[in-house]
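Notes for the one structure printed next.
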Protein chains: 2
Amino acid sequence: MVTIADVARHAGVAASTVSYVLSGKRSISSDTRERVQRSVRALGYRPNASARALASQRSNVLALVIPLRTGMHVPVMMQFAAAVVTTARRYDHDVLLLTADEGPEGLQRVAQSSLVDALVVMDVELDDERVPVLRELPMPSVLIGYPADSEGLTCIDLDFVAAGARCVDHLADLGHRSMALLGTPSAVYERQTGFAQRTLTGFAEAAGQRGVVGVETPCEHTFAAVLGTVERLLHDHPDLTGLVVQNEPIIGPLLDVLRRLGRRVPEDMSLVAICADDVAERQVPQLSSVTIPAERIGALAVESLITKLSGAEAPELTLLPPEFTARGSSGRADDSDTTTGQGERTVDRRA
Amino acid sequence: MVTIADVARHAGVAASTVSYVLSGKRSISSDTRERVQRSVRALGYRPNASARALASQRSNVLALVIPLRTGMHVPVMMQFAAAVVTTARRYDHDVLLLTADEGPEGLQRVAQSSLVDALVVMDVELDDERVPVLRELPMPSVLIGYPADSEGLTCIDLDFVAAGARCVDHLADLGHRSMALLGTPSAVYERQTGFAQRTLTGFAEAAGQRGVVGVETPCEHTFAAVLGTVERLLHDHPDLTGLVVQNEPIIGPLLDVLRRLGRRVPEDMSLVAICADDVAERQVPQLSSVTIPAERIGALAVESLITKLSGAEAPELTLLPPEFTARGSSGRADDSDTTTGQGERTVDRRA
DNA sequence: CTGAAAGCGCTAACAA
DNA sequence: TTGTTAGCGCTTTCAG
């Protein structure tokens with residue numbers, strides 16, 4: 001293993017000079033700089049991460065805490081994790097992967113041992129036991145999602161209230177008077193996960209404002225559950241013509257169920273989803289949808305941390321306005337032939 | 001931040017004694033041990049990870065390199081990553097997440113800077129440019145999947161050759177004489193990913209041995225692709241009665257397509273999948289399948305690394321025998337009413 | 001069974 | 001513009 005002393009000797013300078021050339025923290029004559037850089041390359045020198053961290057009090061590692069529970073849509077999480085890693089690398093940081101089942105103790109462990117410099121915590125619940133711990137930790141953190149009390153924290157999320165409302169508005173604009181929200185599995189609501197709850201709030205509020213009927217129901221991930229739920233909805237609300245889905249895994253089965261039940265999309269039933277764009281585009285017909293901006297959230301989270309690590313402030317709560325794209329799955333009520341324009345995208349600024 | 005010196009002072013012993021109490025590397029009188037442990041708890045002491053790593057030459061961190069490319073089934077990867085993290089924690093290690101797009105250089109970076117002690121590399125291709133780098137690295141690694149030349153490496157994988165063969169055998173045993181392998185998107189074959197290739201080999205070999213017709217085709221992830229592929233298959237091979245699917249995202253659409261085309265499962269068409277158990281069980285009808293043992297592979301990978309870190313040897317190539325479970329999607333050829341037993345599980349020992 | 005002390009490889013004052 | 005030096009907090013010889 002080649003050390004900074006080796007490089008210094010090879011270049012005929014002091015070790016600190018090598019250090020400064022590498023960090024750029026003080027000006028170096030271009031002559032010595034080049035000599036040092038040549039030695040670095042010649043010897044294949046890589047600074048030892050532990051020594052650097054010990055001396056500088058910075059590990060350049062961020063913790064990423066991912067949920068391992070049921071009801072989360074996995075591909076979205078992966079997208080998110082990938083964005084976190086990629087963005088972290090752009091700022092010369094690495095990412096330590098933690099699973100949520102280590103609990104608050106896990107956060108303390110990596111933080112208090114200085115394994116990491118900062119934390120990204122996903123899937124935050126309204127009353128999350130990790131939040132008080134994060135508040136006490138001697139390092140910055142950012143939450144994806146936000147708890148009931150976000151005072152003093154940095155939280156980033158899609159504005160699910162606005163997203164739910166946006167879906168209602170779209171359907172109401174098309175003349176639909178009765179619509180349902182097909183939500184996540186009930187376990188997700190029960191553990192008070194913010195995003196599911198908030199979509200529901202936005203959905204209900206907007207339905208009230210628009211004077212349309214809006215019913216809500218959770219839905220499990222099995223085909224049987226989808227079939228049962230839809231049948232019940234149609235039975236209880238025979239005039240239902242609009243469906244909002246926030247539950248990616250059931251989208252395929254749902255389209256299938258509607259087909260089985262003889263409901264054409266969008267002629268007999270308009271569908272709007274809250275899901276990743278590629279999922280919406282993969283369906284037949286393609287789904288009008290509010291996108292889940294996993295990559296943007298991941299990148300934003302890391303950037304907030306980098307900001308905070310540099311001593312600056314980051315906003316307390318960042319809610320991304322929903323981006324809606326009309327596709328083939330939604331059309332006018334009472335008009336079996338017309339669909340909305342393809343690919344028209346709007347950004348809701350109510351956030 | 002409380003240091004080992006603080007603990008030593010508090011307990012009235014030397015710092016080295018505290019260290020030895022914590023590591024158990026030399027015998028300590030139960031009296032001092034307890035005194036030290038009390039102090040540790042009283043002060044809330046956590047050893048500094050960088051200092052420990054610098055002094056001991058061990059970071060207790062494993063690198064996990066995940067693919068970020070198309071064609072990989074994301075939930076399986078997550079399962080795998082989760083198993084790696086969970087198992088690593090059991091051996092008191094953490095996991096650093098790297099994306100494959102950092103390439104061989106990324107491996108060198110984390111290894112040569114001593115950021116990690118060992119590496120797990122997923123999605124290895126037959127001729128993977130990371131393999132020569134791994135061979136040179138001064139630390140152990142394990143590959144998930146295996147390259148053409150696995151000499152001197154440690155590789156773990158499902159035995160996909162046996163898995164492909166197992167599916168053929170199952171269908172042939174049921175009397176099917178003409179079957180097709182619906183594989184991964186063609187991009188996966190083109191980049192010479194081992195698992196896709198090997199399943200195909202096993203499928204073809206077994207078909208030859210059993211004297212049945214076996215055709216193979218890749219299939220993209222869109223509904224249209226599934227429809228087109230199945231229609232073409234049925235047109236070119238009107239006597240086709242068995243389908244082997246190695247492509248999780250298309251399973252839902254495939255069942256839908258078969259329904260549309262009026263082929264009942266399993267009466268008119270028997271289906272066998274190579275996929276995670278929960279996916280197989282979620283379908284209607286439930287799918288006979290060879291499971292993808294993501295968790296076992298993840299756990300095995302970490303355990304191999306821990307073994308190697310302790311100086312012991314690990315086997316060069318570990319191929320897990322396929323576990324087959326018969327469910328409702330496969331039945332006898334020419335027998336519209338009978339299906340195989342539910343849940344009968346067999347383990348193929350040919351590996 | 002325990003303590004003292006020498007590093008591990010780097011950064012960042014402090015000096016020049 | 002560069003060099004000298006004192007740590008960072010721990011592990012592990014070496015001594016006793």
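Source: prediction; values computed, not measured. Proteins get letters first, then strands, A, B, ... in listed order; numbering begins at 1 in each.
Looking only at atom types and distance, the side chain of B:Thr99 has a donor-acceptor partner in the side chain of B:Asp101 under 3.5 Å away. Under the 3.5 Å distance criterion, with hydrogens and angles disregarded, no donor-acceptor pair is assigned to the side chains of B:Ser304 and B:Thr307.
Nucleic acid contact for B:Ser19: base, since at least one base atom lies under 4.0 Å from a heavy atom of the residue.
Listed candidates were D:dT11, D:dT1, C:dC1. Nearest to the side chain of B:Ser27 is C:dC1. Relative to the side chain of B:Ala14, the nucleotides C:dG3, D:dT12, D:dC10 differ in distance, and C:dG3 lies closest. You'll find that the side chain of B:Ile4 is closest to D:dC10, out of C:dG9, C:dT11, D:dC10. Considering only the side chain of B:Thr17, C:dT2 comes nearest among C:dT2, C:dT11, C:dC1.
What separates CZ of B:Arg58 from C1' of C:dC8 is a distance of 15 Å, to the nearest Å. What separates CG of B:Asp117 from P of C:dC8 is a distance of 19 Å, to the nearest Å. Atom CD in B:Glu34 sits roughly 12 Å away from atom P in C:dT2 (whole-Å rounding). One atom, CG of A:Leu22, and another, C1' of C:dC10, lie 11 Å apart when rounded to the nearest Å. Nucleotide D:dG3 holds its P atom 14 Å from the CZ atom of A:Arg9, rounded to whole Å. To the nearest angstrom, P of D:dC10 lies 15 Å from NZ of B:Lys25. Rounded to whole angstrom, the span from the CZ atom of B:Arg35 across to the P atom of C:dC1 amounts to 14 Å. Atom C1' of nucleotide D:dG9 and atom CE of B:Met1 are separated by 11 Å, given to the nearest angstrom.
Contact annotation: B:Thr32 side-chain N/O to C:dC1 OP1/OP2 distance is not under 4.0 Å. For D:dG3, the OP1/OP2 oxygens have no side-chain nitrogen or oxygen of A:Ser16 closer than 4.0 Å. Contact annotation: A:Ser29 side-chain N/O to D:dT2 OP1/OP2 distance is under 4.0 Å.
One can find a donor-acceptor pair under 3.5 Å joining the base of D:dT2 and the side-chain atoms of A:Arg26.
Expressed to the nearest 0.5 Å, how far CG of B:Leu62 lies from CG of B:Leu115 amounts to 12.0 Å.
Of the two residues contacting DNA chain C, namely B:Gln57 and B:Ser30, the nearest-nucleotide position lying further toward the 5' end is that of B:Ser30.
Side-chain atoms of B:Arg52 never come within 3.5 Å of backbone atoms of B:Ser56 as a donor-acceptor pair (strictly under, hydrogens ignored). In this structure, the side chain of B:Arg109 does not engage the main chain of B:Glu102 through any donor-acceptor pair within 3.5 Å.
Side chains of B:Val110 and B:Leu98 form a contact here, defined as non-hydrogen atoms less than 4.5 Å apart.
Residue pairs meeting the side chain to side chain donor-acceptor pair (under 3.5 Å) criterion with at least one partner in residues 8-22 of chain B, sequence neighbours excluded, are B:Asp6-B:Arg9, B:His10-B:Ser39.
A salt bridge is defined here as a Lys NZ or Arg NE, NH1 or NH2 lying under 4.0 Å from an Asp or Glu carboxylate O, and A:Arg46 with B:Glu105 meets this definition.
Residues of residues 36-55 of chain B that place a heavy atom closer than 4.0 Å to DNA chain C, in numerical order, are B:Leu54, B:Ala55.
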